There are 2 protein chains.
Amino acid sequence: MTSTDENVRYTPKGKRVTYTPQSAGQSAQNVIRVLEGRWKLMILFQLFVSKLLRFSELERAIPGISQKMLIQQLRQLEADGVVTRIAHPEVPPRVEYLLTEWGQSLCPVLDNLLTWAESAPDDLRARLIDPDAMSDQ
Amino acid sequence: MTSTDENVRYTPKGKRVTYTPQSAGQSAQNVIRVLEGRWKLMILFQLFVSKLLRFSELERAIPGISQKMLIQQLRQLEADGVVTRIAHPEVPPRVEYLLTEWGQSLCPVLDNLLTWAESAPDDLRARLIDPDAMSDQ
DNA sequence: CGGTATCCGGAATGATACTG
DNA sequence: CAGTATCATTCCGGATACCG
């Protein structure tokens with residue numbers, strides 16, 4: 001088999017996309033790229049829980065992150081339509097971050113991913129569900 | 001709020017893990033790391049469809065990949081328990097790759113991810129569901 | 001408070017050549 | 001056929017200093 005591209009990618013009037021192994025891989029790559037980055041998942045899970053957070057609150061909630069990385073990852077998430085940035089014209093400045101509607105719908109997807117990780121064979125699961133901790137029982 | 005770690009991560013006898021924003025973010029990062037890499041998703045979707053592929057078949061099925069990168073990504077996927085490598089002691093050598101049972105169960109998870117991407121606002125979706133193509137209609 | 005600007009080291013990726 | 005080995009490059013991410 002190993003077709004190169006013999007299918008149409010888009011069903012014009014229907015709602016579902018048709019994938020080849022190639023296009024599916026390509027698309028999945030693009031999606032994963034949105035979540036890649038040393039701190040993005042941390043940021044997202046903070047926003048899943050807290051809904052609305054100031055820049056400084058995120059900074060404090062995520063130990064070890066630098067201002068540079070925080071703003072960089074936030075900007076990328078914003079550009080990818082996952083988070084919204086609200087700057088209040090005040091002195092001192094106040095900027096708040098929250099998930100877009102689409103960003104919120106990512107929560108159950110990531111939950112599936114965690115569930116998948118939990119279903120891993122014991123030795124692998126230990127490395128996925130937090131490297132430290134695990135000392136319990 | 002912004003708790004540091006006030007919950008236990010592991011329910012000893014129950015089946016589900018308890019997450020804090022921190023531990024969930026950390027775990028999700030670990031899981032994403034398994035899928036990161038320029039070619040891993042491509043490899044996985046080839047195996048989702050073809051089930052069993054030789055090294056050279058994967059090489060031909062994935063245009064642009066080098067032998068170095070193919071073997072590297074395969075080794076990582078193998079170390080992460082997603083694919084299985086079977087070397088047949090023959091001359092010339094024959095090596096086959098296939099998904100582990102756990103690796104197979106990743107398929108619906110990635111399908112969810114693609115479905116999420118399809119639900120993105122139009123302008124964003126265009127960049128996720130294949131950068132080229134899109135010319136249809 | 002919420003950023004920018006710069007420099008730097010290491011990792012990830014790519015190109016190319018060689019081998020059991 | 002299924003890899004290794006080596007070198008070049010590009011891409012983050014971290015550290016530090018400064019700004020409206």
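Please read all numbers here as calculations on a predicted model, not as lab measurements. Per chain, numbering begins at 1; letters A, B, ... match sequence-line order.
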Atom pair distance, as rounded to whole Å: NE2 in B:His88 and P in D:dA2 = 10 Å
Length of the CE-P vector between A:Met42 and D:dG13, whole Å | 14 Å
For a side-chain contact (heavy atoms from CB on, under 4.5 Å) with B:Leu58, tell me which candidate from B:Ile71, B:Leu74, B:Ile65 qualifies.
-> B:Leu74
For B:Ser50 and B:Leu53, indicate whether the former's side chain and the latter's backbone hold a donor-acceptor pair under 3.5 Å.
-> no
Within this structure, what is the CZ-to-C1' distance between A:Phe55 and D:dC19, rounded to whole angstrom?
-> 14 Å
Starting from the first five and the last five pairs of the helix from C:dC1-D:dG20 to C:dG20-D:dC1, work out the angle between the resulting helix axes, to 10 degrees.
-> 50°
CD1 of B:Ile86 versus C1' of D:dC1: gap in Å, rounded?
-> 17 Å
Residues from residues 66-81 of chain A sitting under 4.0 Å of DNA chain C, heavy atoms only?
-> A:Gln67, A:Lys68, A:Ile71, A:Arg75
Between B:Glu59 and A:Gly37, which is nearer to the 5' end of DNA chain D once each is assigned its nearest nucleotide?
-> B:Glu59
Scanning both residues in full, the closest heavy-atom pair of B:Val34 with B:Lys40 reads O-CD, 3.3 Å
Report yes if the side chains of A:Leu110 and B:Val31 come closer than 4.5 Å at any heavy-atom pair, otherwise no.
-> no
Atom pair distance, as rounded to whole Å: CD in A:Glu36 and C1' in D:dC11 | 12 Å
Taking only side-chain nitrogens and oxygens of B:Arg94, does any of them come within less than 4.0 Å of OP1 or OP2 of D:dA2?
-> no
A:Gln72 backbone acceptor or donor facing A:Trp39 side chain under 3.5 Å = no
Got a donor-acceptor contact below 3.5 angstrom from the A:Thr100 side chain to the A:Val82 backbone?
-> yes
Could you tell me the separation between the CD atom of B:Gln26 and the CG atom of A:Leu128, rounded to the nearest 0.5 Å?
-> 11.0 Å
Leading and trailing nucleotides of DNA chain C with any atom under 4.0 Å from heavy atoms of chain B | C:dT13 to C:dG20
Counting only N and O atoms by type, is there a donor-acceptor contact under 3.5 Å from the side chain of A:Glu57 to the main-chain atoms of A:Arg54?
-> yes
Fit a plane to each ring of B:Trp102 and A:Trp116, take the angle between them on a 0 to 90° scale, and name the class: parallel (under 30°), tilted (30 to 60°) or perpendicular (over 60°).
-> parallel
Report the distance from atom CD of A:Glu90 to atom C1' of D:dG20, rounded to the nearest whole Å.
-> 16 Å
Is there a donor-acceptor contact under 3.5 Å from the side chain of B:Thr84 to the main chain of B:Leu99?
-> no
Taking A:Thr20 for the side chain and A:Ser23 for the main chain, is one N or O donor matched with an acceptor at less than 3.5 Å?
-> yes
